[in-house]
Amino acid sequence: MPMPKPKKNEEKQDFVSRCIADVTRKDKDKFPTVEQRAAICYSEWGETPNEKEQAMAKKKAVEYKVVQVQIGTRVKTSRGKSR
């Protein structure tokens, strides 16, 4: 069975959800766990597990800075200036 491909202008999460559902319907016996199906679909999107980890770390760092600003903690920018 050919793997689903991302549609033009399709968001990553929309594609991955659609892909997992499609693989579950057509190849559940070949890929018995949802983790396997998700890995295949993220791979079809073009994201490796390492890239996914890096994206999550970056998102957490941004969220941390937002929380610091919201509670009044001074945050140094990349240029060394405090905000």
Taking atom CD1 of Ile40 and atom CD of Glu35, what is their separation to the nearest 0.5 Å?
12.0 Å
Which residues share a side chain to side chain contact (heavy atoms under 4.5 Å, CB included) with Ser17, sequence neighbours left out
Gln13
Give, for atom CD of Gln36 and atom NZ of Lys30, the distance between the pair rounded to the nearest 0.5 Å.
11.0 Å
Are any of the side-chain nitrogens in Asp22 or Lys26 under 4.0 Å away from the carboxylate oxygens of its partner?
yes
So SG of Cys41 and CE of Met3: to nearest 0.5 Å the spacing works out to 5.0 Å
All ring pair (Phe, Tyr, Trp, His ring centres under 6.0 Å) counterparts of Phe15, not counting sequence neighbours
Trp45
With Lys5, which residues qualify under side chain to side chain donor-acceptor pair (under 3.5 Å), at least two apart?
Glu44
